Every structure is written in C-alpha cells, then in structure tokens.
Asker: 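Before I ask anything, let me first share the structure, which is written out below as structure tokens.
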Amino acid sequence: MEVLPRRFPPGFVWGVASSAYQIEGAATADGKGESVWDEFCRRPGVIADGSSGAVACDHYHRMETDLDLLTELAVGAYRFSISWPRIQPNGSGALNEAGLAFYERLVDGLLRRNIKPYVTLYHWDLPSALQHEQGGWAARDTAYRFRDYAAIVARRLGDRVASFATHNEPWVTATLGHEFGLFAPGVKNRAIASQVSHHCLLSHGLASQAIRAVRSEVPVGIVLNLSPVTQATQSGPDVAQAALEDGLLVRWYMDALLKGNYPADVLRHLGADAPRVEPGDLQLIAQPLDFLGVNYYYPTVAHAGKPATPAAPGAPITDMGWEVAPAGLTGLLLRLARDYRLPPLLITENGAAYRDRLENGRIEDEARRQYLESHVRAAADAIESGVDLRGYFVWSLLDNFEWASGFEKRFGLYYVDYATQARIAKRSAGWYAGLLRAFNAAAAAVRVARP
Ligand code: FCB
C-alpha cells in the first residue's frame with residue numbers, strides 16, 4: 001500500500017462511476033419521459049429477476065447523502081450519466097426544467113465537495129418516443145436529436161463539468177441491443193445493429209461539434225468497452241476468429257474514431273449488412289478526441305463457429321463469469337498505444353461482481369478488493385511502460401440494477417439493502433479510500449516540495 005499510490009503521477013484522477021438508469025429510480029418523477037430500458041424491462045423474461053430500474057437505488061431522492069459517500073471515499077472525481085428522457089421527455093424539442101435542475105444540483109453538490117464531475121451523455125436510456133417514432137438509433141435522424149440534446153446540456157452544465165463523454169460503450173448499444181437482443185430495445189438483426197453502430201458514432205461526432213461550439217474549453221471524448229481478444233486454441237480457424245472479433249469489438253470503433261475508416265476485414269465480413277455511410281460521416285466521427293475512456297473487465301476468448309466467451313476454461317472468474325485477468329488491462333493499453341495515435345486515456349470503468357454477504361453489519365469482500373488492487377497495479381504497470389493514462393474509475397459506487405442481470409449481481413463499493421435503501425461500506429470501499437488518502441498525501445507532499 002505504501003508504494004502503490006506513489007506509482008501514479010500527482011495529477012492522476014481517482015474516481016467511481018455509475019449510470020442514470022442503474023441507480024436513479026424515480027422513473028416517472030418530475031416530468032421524466034419513458035426510456036427504452038423502462039419499456040424493455042416490462043417484457044417478460046428479459047431481466048433475470050424480473051426487476052427493473054423503476055426504483056433501483058432511489059438515488060434521485062437520495063442524491064445528497066450519496067454524494068457524502070464520495071467524500072468518504074476520498075475520490076477526486078465522479079463519473080455519472082445524464083438521463084436523456086429527464087432532459088427531453090420525448091427526445092426532441094422543449095427541455096424539461098425539473099430534469100435539468102436535478103443534474104444541476106448534482107454537479108453543484110460535487111463541486112461543493114471538491115469532486116470533479118465527469119459526465120456521460122448517453123448510457124443506454126434512449127427516450128422511447130424516438131424508438132417508436134423513428135426506430136431509435138437505426139434512424140439517422142436520432143444522431144441529430146442527440147446533437148441537440150448534447151447542446152442543451154453543454155449550455156447548462158458546460159461551465160462546471162470536468163468533461164463530457166458522448167456515448168458509453170456504443171458496441172453494447174449496437175450489438176447487445178440490436179443484434180443479440182439481450183439489452184434494450186431487444187432487436188435481433190445484424191444489419192440494423194451495424195447501422196446503429198454507425199449512427200452512434202456519427203452522433204458522437206455531431207455532439208462533439210455541438211458541445212465545442214457552446215463550450216470550447218470542455219474536454220470531449222467517448223467511452224468504449226475494450227478487451228484484448230485471445231483465441232481458444234492456436235488452430236487456424238480460432239486465430240482467424242480472434243482477429244475478426246477484435247475487428248468487431250475494438251478496431252471497428254477505434255479505427256473509425258482515430259483513423260477515420262472502418263476496418264476492411266470487418267466490412268467484408270458484414271457484406272450486405274455493412275452500414276450505409278454518407279460522404280463526410282467518417283470525417284465527422286474522427287474529429288479530435290480530448291480523451292478516450294476505456295472500460296475494462298475481462299479478456300475475450302474467441303472460438304471458431306461459436307460465440308466468444310468472457311473467460312478461458314479454468315481461469316478465476318467473478319460472479320458474472322468474467323475472467324479475472326489484470327495483465328489483460330496492461331496488455332490492452334500497450335496495444336492501443338502501439339496501434340493508434342491516442343489522446344490521454346482514462347479507465348472509466350473497472351470492477352467486479354461477487355456474491356456479497358452481509359454478516360454482522362459488515363461485508364468482507366476480499367475478492368473484490370483483490371480484483372481492484374490487481375487492476376490498479378496493472379494500470380501502474382501501463383503508465384510505467386509509457387501509456388498516457390490520466391485516471392481510473394471503479395465500477396461502481398453502489399450496488400445497482402445490472403441490466404439484464406437485474407439486482408442479482410453486485411458491483412458496488414457500497415452494499416445496498418434494497419428493502420431499506422441503506423448503504424453499507426464494503427471492505428473494498430475502505431481499502432480504496434485508504435489508497436486514495438495515501439495518494440492524496442503523497443501528491444500534496446510533491447506540491448509542497450515543488451511549489
Ligand atoms: C459495463 C456498463 C456498466 C455496468 C458494467 C458492469 O458494460 O457500462 O453500466 O453494467 O458493465
């Protein structure tokens with residue numbers, strides 16, 4: 001513990017992350033419109049425990065005391081998302097003042113506590129009206145609606161936030177939402193999914209421009225879910241499958257954003273299902289990023305003729321079945337730095353679900369603590385190898401609504417007793433706070449030595 005905090009540069013940003021639909025609840029409060037997740041959760045059988053985010057952690061009504069937990073953790077930053085249907089209930093037109101006021105209180109509450117707000121504009125809760133009226137992200141027009149929403153938020157909050165990320169994990173929106181149908185809106189069509197991925201990226205470009213037009217000084221970026229992809233065996237077909245999976249998950253997004261093109265092998269693979277791209281789209285998508293957010297959980301294992309798996313056989317796994325592989329994080333960051341001209345990086349999510357047990361009022365989540373410590377070490381390894389990594393955010397502040405897994409999977413540093421909405425610090429929270437206090441003390445000492 002003594003050495004670990006000193007392996008990070010003094011300005012390094014430490015935080016925790018959350019997202020609107022997973023914690024806020026208050027699904028219809030104060031004029032909020034319906035989102036595709038509100039609607040998706042009503043379909044029988046799609047959420048493991050039949051639950052929804054209608055109440056979740058009731059964060060909307062407990063925001064101030066939840067912000068106190070951030071102070072307790074000693075974090076310098078909080079990454080949260082804004083619910084588009086709270087701001088524009090139907091996804092376009094007039095703004096809902098009460099929704100904006102909530103996020104204004106949230107941002108001001110963070111600043112009062114000396115915590116930097118890292119805002120994500122889209123963490124999957126599309127206003128339902130856009131889905132019904134025009135097919136959601138399958139429609140090009142939705143990218144323009146997103147641009148308008150981004151401009152509204154930038155005008156209102158842009159003077160106080162540390163950064164805007166346009167999308168969280170557009171691969172999930174496109175592939176889990178529109179190809180596998182496991183997430184909202186539950187579409188199963190590869191051609192639509194590829195068009196959705198293009199429209200999400202296009203909307204990133206349009207929104208970035210709109211934000212910069214309003215607030216040129218605010219850093220703008222995007223958050224991707226990236227994994228190193230390995231092959232199940234060294235056989236030719238598995239190796240070829242791994243190259244393709246890497247193309248679909250990593251290069252599709254990274255090449256578009258940083259090189260201004262889609263990878264030729266993936267376009268060939270998609271064939272007639274490749275997206276319609278209009279002239280100028282890729283230039284819009286590939287405008288400069290002020291930062292790139294990387295969400296890392298596990299390495300992907302590719303198998304010819306079968307879906308990829310989130311773990312090698314026999315490897316240690318979390319309660320999600322995701323492999324615990326901290327070296328995968330270092331390797332991923334080094335590979336990105338080798339293959340792309342990168343902006344500064346942030347690890348915008350990293351964490352683990354385990355079956356926490358509340359015993360005598362305590363949660364001894366040693367497995368999660370070890371997961372986090374090993375990944376923080378892996379991040380330090382990457383920095384020491386020359387990667388320009390500027391921050392690390394634990395997923396997540398609170399146990400919350402884990403999408404199709406409902407409330408069965410717990411990722412929080414704080415345990416949530418959903419019957420009472422009590423928050424209880426897990427052992428991992430105490431460990432993280434200790435690390436950050438040691439880091440803050442070391443950073444302050446550096447500031448004194450070099451005024
Ligand atoms: C990521 C999501 C986040 C959370 C974690 C476990 O893909 O961005 O909302 O569900 O996984």
Side-chain angles (χ1 to χ4, degrees), residues 15-25 35-37 40-41 46-49 51-53 56-57 59 78-84 118-126 165-180 182-184 197 200 204 221-227 249-250 253 292-300 308 310-311 317-325 328-329 332 346-356 365 367-368 371-372 375 392-414 416 428:
V16 289
S18 71
S19 89
Y21 189 68
Q22 293 179 276
I23 64 168
E24 286 177 0
S35 83
V36 292
W37 269 94
F40 184 67
C41 291
V46 297
I47 309 298
D49 57 2
S51 66
S52 77
C57 308
H59 170 72
Y78 176 50
R79 172 174 178 246
F80 63 95
S81 81
I82 292 185
S83 160
W84 184 353
Y118 280 69
V119 177
T120 302
L121 291 170
Y122 186 75
H123 203 124
W124 311 345
D125 43 359
L126 185 77
T166 54
H167 280 259
N168 179 70
E169 304 187 348
W171 178 90
V172 171
T173 304
T175 305
L176 296 189
H178 296 82
E179 183 175 348
F180 303 157
L182 296 170
F183 279 17
S197 76
C200 287
H204 156 79
I222 189 168
V223 171
L224 302 178
N225 53 308
L226 300 177
S227 281
L249 178 71
V250 178
Y253 294 93
L292 173 68
V294 175
N295 292 351
Y296 174 77
Y297 290 94
Y298 58 85
T300 295
I317 54 173
T318 68
D319 194 30
M320 297 294 281
W322 296 352
E323 182 170 340
V324 180
L329 173 60
L332 171 70
L346 297 171
I347 296 169
T348 33
E349 288 180 28
N350 175 241
Y354 285 103
R355 267 178 223 204
D356 298 316
D365 60 337
R368 179 178 293 102
Y371 179 100
L372 294 174
H375 286 76
Y392 173 91
F393 293 73
V394 171
W395 183 271
S396 186
L397 172 63
L398 304 169
D399 291 340
N400 59 47
F401 176 74
E402 180 45 38
W403 310 112
S405 306
F407 293 101
E408 288 176 354
K409 305 295 180 198
R410 294 179 177 270
F411 273 92
L413 291 174
Y414 285 81
V416 176
S428 57

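Each ligand, and each atom within it, is numbered from 1 in the order the structure gives. Note that these values count all heavy atoms, side chains included, but never hydrogens, waters or copies made by symmetry. In this text, all values refer to a predicted model and were calculated from it rather than measured experimentally. Count residues from 1 along the sequence.
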Asker: Tyr297 vs Phe411 aromatic rings, parallel, tilted or perpendicular, using cut-offs 30° and 60°?
Answerer: perpendicular

Asker: Answer yes if the ring centres of Phe407 and Phe401 are under 6.0 angstrom apart, and no otherwise.
Answerer: yes

Asker: Name all residues meeting the salt bridge (Lys or Arg N to Asp or Glu O under 4.0 Å) criterion together with Glu169; count only those two or more places apart in sequence or in a different chain, and write none if there are none.
Answerer: none

Asker: Could you tell me whether Trp124 approaches ligand 1 through its side chain, its backbone, both or neither, with non-hydrogen atoms closer than 4.0 Å?
Answerer: side chain

Asker: Out of His123, Glu169, Glu402, Lys409, who is nearest to atom 7 (O) of ligand 1 when you count heavy atoms only?
Answerer: Glu169

Asker: Is Asn295 reaching over with its side chain to a backbone N or O of Leu224, donor-acceptor style, under 3.5 angstrom?
Answerer: no

Asker: Distance to 0.1 Å, residue and atom name: give those for the protein heavy atom nearest to atom 2 (C) of ligand 1.
Answerer: Glu349 OE1, 3.3 Å

Asker: The criterion is salt bridge (Lys or Arg N to Asp or Glu O under 4.0 Å); which residues satisfy it with Asp365, sequence neighbours excluded?
Answerer: Arg368

Asker: Trp403 heavy atoms, cut-off 4.0 Å: which ligand 1 atoms fall inside?
Answerer: 3 (C), 4 (C), 9 (O), 10 (O)

Asker: Side chain or backbone, does Gln22 bring an N or O within less than 3.5 Å of an N or O on ligand 1?
Answerer: yes

Asker: Show me which atoms of ligand 1 lie under 4.0 Å from any heavy atom of Asn168.
Answerer: 8 (O)

Asker: Between Trp322 and ligand 1, is there a nitrogen or oxygen pair with a distance under 3.5 Å?
Answerer: no

Asker: Counting only heavy atoms, tell me which of Tyr297, Phe411, Phe401 gets closest to atom 5 (C) of ligand 1.
Answerer: Tyr297

Asker: Would you say the side-chain atoms of Ser19 and Gln22 include a donor-acceptor pair closer than 3.5 Å?
Answerer: yes

